[in-house]
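Working notes, beginning with the structure itself.
In this text, all values refer to a predicted model and were calculated from it rather than measured experimentally. Side-chain atoms are counted along with the backbone in the values below, which use heavy atoms only and exclude waters and symmetry mates. Start at 1 with the first residue, then count along the sequence.
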Amino acid sequence: MDRQIKIWRDEVMCDHCLQIHLAENISTPLEYEKIVVYLEKMIDMYDFIFTDGNCELGKHKNKDGRWIDDIIFHTIKCPKCGQEFTCSVNTYRGGGSFRKGR
């Protein structure tokens, strides 16, 4: 069984998701694209669960190459402890993050 660790705000993370790489600030479209690939890897290789989003991973642009919405978000969940992680970006004004929680 994974050791559970108590962290700030009394949220619990396990050894499985403790090493996830978060991004406090996403400042370019390229950074966001890299995080989408990272999320796909977390789902494919480490069994994280896609729980919510306003589009499928990798489907954030339409056939003309334009963003599908002004705000794009994806939420994944650790299969061991249930901790959620959300990537959200503002494609209109710029900026975003990949952080713990919803």
Any ion pair linking Glu84 and Arg102 (charged N to carboxylate O, less than 4.0 Å)?
->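 Result for this pair is yes, salt bridge flagged.
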If you define the side chain from C-beta out and look only at heavy atoms, does anything of [X] sit under 4.5 Å from [Y]?
X	Y	value
Cys17	Lys77	no
Ser88	Ser97	yes
Cys55	Phe73	no
Tyr38	Phe98	yes
Asn54	Ile72	yes

May I ask you to check whether Phe48 and His16 place their ring centres under 6.0 Å from each other?
->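 Yes, they do, as the ring centres are separated by less than 6.0 Å.
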Kindly write out the residues that satisfy salt bridge (charged side-chain N to carboxylate O under 4.0 Å, His left out) with Arg99, not counting sequence neighbours, or none if the list is empty.
->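 In terms of salt bridge (charged side-chain N to carboxylate O under 4.0 Å, His left out), with neighbours along the sequence ignored, Arg99 is linked to no residue.
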Could you measure the distance from the [atom1] atom of [X] to the [atom2] atom of [Y]? Nearest 0.5 Å is fine.
X	Y	atom1	atom2	result
Lys34	Leu39	NZ	CG	14.5 Å
Glu31	Asn25	CD	CG	7.0 Å
Tyr32	Asn90	OH	CG	12.0 Å
Thr91	Lys61	OG1	NZ	10.0 Å

Give the C-alpha distance, both sets of side-chain angles, the deciding distance and a yes or no for side chain to side chain contact (heavy atoms under 4.5 Å, CB included) between Ile76 and Ile20.
-> CA-CA 11 Å; Ile76 62 172; Ile20 199 165; 4.3 Å; yes
Does the pair Ile35 and Ile26 meet the rule for a side chain to side chain contact (heavy atoms under 4.5 Å, CB included), with working shown?
-> CA-CA 9 Å; Ile35 290 172; Ile26 300 170; 3.5 Å; yes
Side-chain heavy atoms nearer than 4.5 Å, only ILVMFWY residues, links allowed to pass through others: does that put [X] and [Y] together?
X	Y	answer
Leu30	Tyr92	no
Met45	Ile49	no
Trp67	Val37	no
Ile71	Leu57	no

What do the steps show when you test Cys78 against Tyr46 for side chain to side chain contact (heavy atoms under 4.5 Å, CB included), and what is the final call?
-> CA-CA 9 Å; Cys78 176; Tyr46 300 103; over 6 Å; no
Trace of the side-chain hydrogen bond (donor to acceptor under 3.5 Å, both in side chains) decision for Glu33 with His60 | CA-CA 9 Å; Glu33 298 280 346; His60 47 271; 3.1 Å; yes
Which heavy atom of Val36 sits nearest a heavy atom of Gly58, and at what distance?
-> CG1-N, 3.6 Å
Would you confirm whether Thr75, through its side chain, and Thr86, through its main-chain N or O, come within 3.5 Å as a donor-acceptor pair?
-> no
Is it true that a side-chain atom of Asp64 and a backbone atom of Arg66 form a donor plus acceptor pair closer than 3.5 Å?
->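 Such a contact is absent between Asp64 side chain and Arg66 backbone.
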